[in-house]
Amino acid sequence: MLRMAETLRRVLSGYSAVETREDTVEAGPPLLLLGAPGSGKTALLFAAALEAAGEGRGPVLFLTRRPLQSLPRSTGAALDPLRLQKIRFQYPPSTRELLRLLCSAHEAPGPAPSLLLLDGLEEYLAEDPGPQEAAYLAALLLDTVAYFSHRGGPNRDCGLIVALQTQEEGDSGEALQLALLQRYFPAQCWLRPDAPGPGECRMRACLEPSGLGPRTEWCVTFQLDGEMKITRWPTQAYDPSSVKSSSPGGQP
Amino acid sequence: MAVALPAVVEELLSEMATAVKESARIPDEHLLSLKFIFGSSAIQALDLVDRQSITLISSPSGRHVYQVLGSSGKTYTCLASCHYCSCPAFAFSVLRKGDSLLCKHLLAIYLSQVMRTCQQLSVSDKQLTDLLLIEKKQEA
């Protein structure tokens, strides 16, 4: 189970196969988590929050418009109250409030967060869909996290993961907005539905660190009891140096 | 990309910084490269640097932001950590059309860092919040 959580952290922190030393933890580039409604973005964000909270490097800031209806079950163990305590939920009800929260982040006392999570970016963008407004919000998110990293001190970077809902058939406006956001979020993770087994919901997570590493894929399974499991996507197709032909169904 | 400059630009800026340290001016060859990459924005940006139009504003928290006094007399706000400028050219040429890497104000900021010449201003934490909350009316 510990391996699973570690795997998730690596997935969402965007540092793929890079090994990190205990004392120097790089947050990885800001990550945009994309998927249709119900694809598991909130659950993954929350799992990342728990993982980061468990690292003890600083509180986790979780921003979303509405309180989560239920705390998503995460990989393995029951929710550890000590970890939950380290996650600060804030619910900015409007884009203006979100902007104010980010702009005044340096006024708030206390230790700098080690991770900033934002769920439902599309709702905040919908209020002001123009490119300048979208760029401003994206840029402010980056600026806030840069400040947290600065305040955290050396070896204490603050990570950023933002979830954005996408439609199955987006229009050109959505494509333009996404292209704009990708300027600010060079790493993206796409959650796409996969053929489910009985009683479970499976998603394929494609992590694209855009020039910072190879694309990696994961399988995120939501079971009936709400538990989430993450495994590497079983594929040999991407390895050009592999001589053997790939056989499906193999699990690493 | 709004978080990093293309490698060729980074290299050019780095070479310029080294040259400036030695001779306090930018060599002609670098100016030519700058013009090649940025077109007319290069001249306008250099002009802004010459006029001391760039101010680095910080507060006791350590957070900071830039303001650039444009040629029209309007002041534009630029973020320090990634590419964002409140000027209309940024929204149009950089974001919408995508045919410019930077607006002249953002380029001027990079150049002022290379030349190590920049006004500095200290404000309170609250004032910095207000500066970051770039008000809509400025963009009209």
Side-chain angles (χ1 to χ4, degrees), chain A residues 14 28-32 95-110 112 127-153 157-158 160 173 176-187 209-212, chain B residues 1-7 10 56-67 76-103 105-106 109 122-140:
Chain A
L31 182 85
L32 195 58
T95 309
R96 190 164 178 77
E97 281 310 308
L98 174 59
L99 293 173
R100 179 161 281 281
L101 195 157
L102 297 172
C103 289
S104 62
H106 57 284
E107 291 188 60
E127 280 185 45
D128 258 329
Q132 186 148 34
E133 289 76 12
Y136 176 51
L137 177 50
L140 257 189
L141 283 163
L142 262 61
D143 192 76
T144 305
V145 159
Y147 166 68
F148 286 152
S149 298
H150 164 82
R151 196 163 96 197
D157 269 0
C158 180
L160 175 64
L176 274 173
Q177 191 181 72
L178 184 56
L180 187 153
L181 291 173
Q182 286 169 338
R183 290 167 159 265
Y184 292 94
F185 293 88
S210 83
L212 302 159
Chain B
M1 174 91 60
V3 295
L5 287 171
E10 288 278 8
L56 173 61
I57 305 173
S58 29
S59 80
S61 65
R63 195 170 189 179
H64 39 264
V65 74
Y66 282 96
Q67 279 203 330
Y76 296 110
T77 307
C78 304
L79 295 188
S81 55
C82 60
H83 300 161
Y84 180 82
C85 179
S86 59
C87 78
F90 179 77
F92 188 69
S93 302
V94 178
L95 295 179
R96 250 189 246 262
K97 284 187 74 185
D99 58 11
S100 296
L101 273 175
L102 301 170
C103 65
H105 311 108
L106 287 171
I109 290 172
S122 289
V123 299
S124 71
D125 287 339
K126 266 202 140 21
Q127 285 170 319
L128 189 69
T129 298
D130 287 336
L131 287 171
L132 285 165
L133 267 171
I134 306 165
E135 289 306 329
K136 278 291 166 104
K137 52 184 184 292
Q138 186 179 73
E139 290 154 18

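Model, not experiment: these values are computed from the prediction. Per chain, numbering begins at 1; letters A, B, ... match sequence-line order.
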Donor-acceptor pair, side chain of A/Tyr184 and main chain of B/His83, under 3.5 angstrom
yes
Could you tell me which non-hydrogen atom of [X] sits nearest to which non-hydrogen atom of [Y], and how far apart they are?
X        : Y        : answer
A/Ser104 : B/Thr129 : CA-OG1, 3.5 Å
A/Pro131 : B/Arg96  : CG-CZ, 3.7 Å
A/His106 : B/Asp125 : NE2-O, 2.8 Å
B/Leu95  : A/Ala135 : CD1-CB, 3.4 Å
B/Cys85  : A/Gln132 : O-NE2, 3.5 Å

Side chain to side chain contact (heavy atoms under 4.5 Å, CB included) filter on B/Ser124, not counting sequence neighbours, yields B/Lys126, B/Gln127
Taken to the nearest 0.5 Å, the spacing of A/Glu107 CD from B/Ser59 OG works out to 8.0 Å
When rounded to the nearest 0.5 Å, the distance separating OH of A/Tyr147 from CG of B/Leu128 is 9.5 Å
- Flag side-chain contact, heavy atom, 4.5 Å: B/Arg63 against A/Thr144: yes
Discussion item. Side chains of A/Pro186 and B/Met1, heavy atoms from C-beta outward: is any pair under 4.5 Å?
Written reply: yes
Residues passing the side chain to side chain donor-acceptor pair (under 3.5 Å) test with B/Ser81, sequence neighbours excluded, are A/Asp143
Answer key: most heavy-atom pairs under 4.5 Å with chain A among B/Ser61, B/Gly62, B/Ala91 is B/Ser61
Assign the ring pair B/Tyr84 / A/Tyr136 to parallel, tilted or perpendicular, where the plane angle (0 to 90°) is split at 30° and 60°. tilted
Under 4.5 Å to a heavy atom of chain A? For B/Phe90 that would be side chain
If one checks every heavy atom of B/Val94 against chain A at 4.5 Å, the contacting part turns out to be both
Taking side chain as everything from C-beta outward and backbone as N, CA, C, O, which of these in [X] sits under 4.5 Å from a heavy atom of chain B? Side chain, backbone, both or neither.
X        : value
A/Leu180 : side chain
A/Ala138 : neither
A/Leu176 : neither

